[in-house]
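Bear in mind the structure is a predicted one, so any value in this text is a computation, not a measurement.
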Amino acid sequence: MTKDQLDALTRQYLIASFDEIEARLALDWTPGGLEEYSFQLNEKCHDLAGSLAELDLRQTLPVARQLAPEASETDLRVLARRVLEAQLTATKAELRVLSGEPLRHPRHRSVPLETATEAAPKVTPKVSEIASMYAEERIAQGKWSARTAAQGRSILQMIALLLGDPPVAEVTKDAIRRLGLEIVKLPANMSKKYPGLSPRQVLDHLGDQEVPRLESRSVNKIYQHVRTIFRWAQEHDHITQSPATVLRDVEEGRAQDARKVFDDGDIQSLFAYIAGAPREPYGVWIPRIMAYTGCRMGEAAQLRKVDVRQDQGVWVFDFNEESEQKTLKTDSSQRLVPIHPRLLELGLVDFVKGCEGEFLFPERVRFTDKATRGNVDRLSKQLNRWLRQAGVSDKRKTFQSFRGTMATRLKDLGIPEYQIAEILGHENDNITTGRYGKRTGLSTLADALGRLHLPI
């Protein structure tokens with residue numbers, strides 16, 4: 001099956017989908033029914049995007065076989081992915097209508113299928129097609145997880161939309177410069193604040209209004225994607241030179257300023273708030289464990305009973321990946337961290353002994369089978385909401401600030417940086433103490449942690 005035939009079948013399916021939208025929009029909807037249908041469309045968009053990110057074609061392969069019953073299995077999978085993209089395009093268009101926009105039909109509605117394979121001037125792929133091919137390669141090579149793929153595809157789609165999705169060879173350096181200026185103007189949390197609107201529509205809507213814009217590091221992340229897809233297009237002979245070389249990262253400031261550490265007042269307010277109302281055990285113990293270890297939220301949430309034990313006479317947390325429902329960020333994240341005496345005073349060991357099952361905390365706060373979402377997304381939102389309700393309003397202070405707080409306070413106590421790195425699960429770049437040095441003894445790390453005092 002040729003590319004033109006695939007294009008024609010995809011266009012045929014997309015046009016039929018928009019005809020179905022027209023029929024639904026002509027129904028006599030009640031306000032309540034319309035609201036519920038809008039919610040269903042939102043959910044459908046999320047599910048379709050997830051299927052695209054995971055290249056899950058189970059729902060669209062039967063459609064592809066109906067459209068092209070004699071096609072090869074490879075061509076069917078290509079067509080099935082295109083059908084999935086068409087479904088997402090149509091669903092988003094219908095959702096935009098319910099947000100008050102006109103229904104924008106796909107282009108070339110009048111081109112009949114039988115003439116679609118007629119010779120046409122050859123052009124390079126569009127930016128969106130280059131982005132799709134690049135994303136598929138990253139996934140096939142195992143370089144993108146499902147969650148990374150969903151985020152990457154979203155960014156690449158936004159880039160294509162802001163450029164107007166021309167053939168990649170027609171993108172000039174001036175167009176890239178304009179793109180860079182527009183990305184800087186994008187608002188923070190755009191998809192949540194302006195659902196159903198394209199990036200271009202959001203920018204037109206905002207104009208010169210004063211709204212929170214993307215942080216510098218987010219801007220640079222998008223810039224990196226721009227440079228990457230045009231470099232990929234050059235390496236694969238779609239263009240002779242990348243126009244994105246003119247795009248330079250914006251100044252991010254010092255890394256330590258991106259997230260601020262807690263002071264004693266913050267910690268007192270947070271734990272007073274937690275103690276002020278009945279909480280499930282995870283709502284009490286995960287914050288305590290994060291505060292006294294500096295561990296990541298996921299590391300605390302996925303602890304099992306066997307991960308709290310004695311080693312060399314020292315009570316420790318064993319952060320590991322010894323379960324299908326456990327993940328660590330890096331190799332250096334696997335470590336033993338002594339348990340602070342204050343946690344033992346608060347009854348940690350008795351709590352652990354009283355837990356039923358393998359894990360200390362319920363599955364809903366430590367694991368999700370949705371590959372496009374982080375395991376602790378739900379928990380993170382809840383705990384950070386408590387932090388704000390406790391009166392800690394500085395947005396640069398989040399629950400992850402416990403890591404920086406631990407590092408800062410241990411450094412102020414004169415603890416060597418390589419020991420702090422071992423406690424936090426950071427890679428130690430020092431050749432003497434890192435690459436060739438042995439790990440610090442648990443008793444030494446326990447003494448270092450024991451010098452730390454927090455108002456908990």
Side-chain angles (χ1 to χ4, degrees), residues 1-27 37 40-97 103-140 146 149-150 153-154 156-157 160-161 165 167-168 198 238 371-372:
M1 183 178 294
T2 67
K3 180 179 181 299
D4 287 336
Q5 290 172 324
L6 286 168
D7 289 344
L9 289 171
T10 304
R11 185 164 56 252
Q12 177 188 16
Y13 181 83
L14 190 59
I15 290 172
S17 298
F18 272 73
D19 288 341
E20 292 175 2
I21 293 174
E22 289 271 33
R24 284 194 293 271
L25 295 177
L27 298 175
Y37 184 56
Q40 292 173 3
L41 287 177
N42 265 303
E43 288 294 301
K44 184 178 179 181
C45 279
H46 179 80
D47 291 341
L48 289 171
S51 295
L52 272 174
E54 300 171 21
L55 291 179
D56 182 357
L57 307 178
R58 288 174 295 178
Q59 300 299 318
T60 52
L61 272 172
V63 179
R65 289 192 177 93
Q66 289 181 351
L67 292 172
E70 298 182 1
S72 69
E73 191 64 28
T74 299
D75 286 339
L76 283 174
R77 291 190 64 81
V78 173
L79 183 57
R81 181 187 56 76
R82 289 192 174 202
V83 168
L84 195 57
E85 291 177 344
Q87 290 178 351
L88 182 58
T89 297
T91 305
K92 286 183 175 180
E94 189 169 7
L95 192 58
R96 284 194 291 268
V97 171
L103 179 63
R104 291 181 170 84
H105 290 271
R107 296 178 181 177
H108 311 305
R109 287 175 57 84
S110 59
V111 178
L113 179 61
E114 57 271 17
T115 63
T117 58
E118 292 180 2
K122 294 295 182 181
V123 296
T124 57
K126 292 184 177 181
V127 174
S128 61
E129 294 172 326
I130 290 292
S132 180
M133 288 187 284
Y134 167 72
E136 288 175 7
E137 180 182 275
R138 299 293 289 181
I139 295 169
R153 285 183 183 276
S154 177
L156 295 174
Q157 182 185 39
L161 289 172
D165 201 17
V168 68
S198 69
H238 295 293
T372 57

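For the pair Val83 and Gln66, the minimum side-chain heavy-atom distance is 4.5 Å or more. Looking at heavy atoms from C-beta onward, Val97 lies out of side-chain contact with Ile21 at the 4.5 angstrom threshold. Side-chain atoms of Asp7 and Arg82, non-hydrogen and from C-beta on, do get closer than 4.5 Å to each other. Annotation: side chain of Lys44 is not in contact with side chain of Lys92 (no heavy-atom distance under 4.5 Å).
Annotation for Ala53 and Ala149: closest pair O-CB, 3.7 Å, computed over non-hydrogen atoms. Across every non-hydrogen atom of Leu156 and Ala135, the tightest pair is CD1-CB, 4.4 Å. Looking at every heavy atom in both residues, Leu79 comes nearest to Ala64 through CD2-O, 3.8 Å. Pairing each heavy atom of Leu61 with each of Ala80, the nearest pair is CD2-CB, 3.8 Å. For Leu9 against Ala68, the heavy-atom pair with the smallest separation is CD1-CB, 4.0 Å. For the pair Leu25 and Leu103, the tightest heavy-atom approach, listed with the atom from each and the gap, is CD1-CD2, 4.3 Å.
Within the model, atoms CZ of Arg24 and CG of Asp19 stand 10.5 Å from one another, a figure rounded to the nearest 0.5 Å. Atoms CD and CZ, from Glu94 and Arg96 in turn, are 11.0 Å apart once rounded to the nearest 0.5 Å. To the nearest 0.5 Å, atoms CG (Asp75) and CD (Glu70) are separated by 12.5 Å. Here NE2 of His238 is found 4.0 Å from CD1 of Ile130. Values are rounded to the nearest 0.5 Å. Of the inter-residue distances, the one linking Tyr13 atom OH with Glu85 atom CD reads 12.5 Å to the nearest 0.5 angstrom. Within the model, atoms CZ of Arg81 and CG of Leu52 stand 8.0 Å from one another, a figure rounded to the nearest 0.5 Å.
Using a distance-only test at 3.5 Å, with no hydrogens or angles considered, no donor-acceptor pair links the side chain of Thr60 to the main chain of Val63. A distance-only check finds no donor-acceptor pair linking the side chain of Ser132 to the backbone of Ser128 [under 3.5 Å].
Partners of Glu129 by side-chain hydrogen bond (donor to acceptor under 3.5 Å, both in side chains), not counting sequence neighbours: none found. Legend: residues meeting side-chain hydrogen bond (donor to acceptor under 3.5 Å, both in side chains) with Ser17, ordered by chain and number and at least two apart, are absent.
For Arg77, the CZ atom counts as loosely surrounded, since its 6.0 Å shell holds 12 or fewer non-hydrogen atoms of other residues, nucleotides or ligands. Counting non-hydrogen atoms of neighbouring residues, nucleotides and ligands closer than 6.0 angstrom, the CD atom of Gln59 reaches no more than 12 such neighbours.
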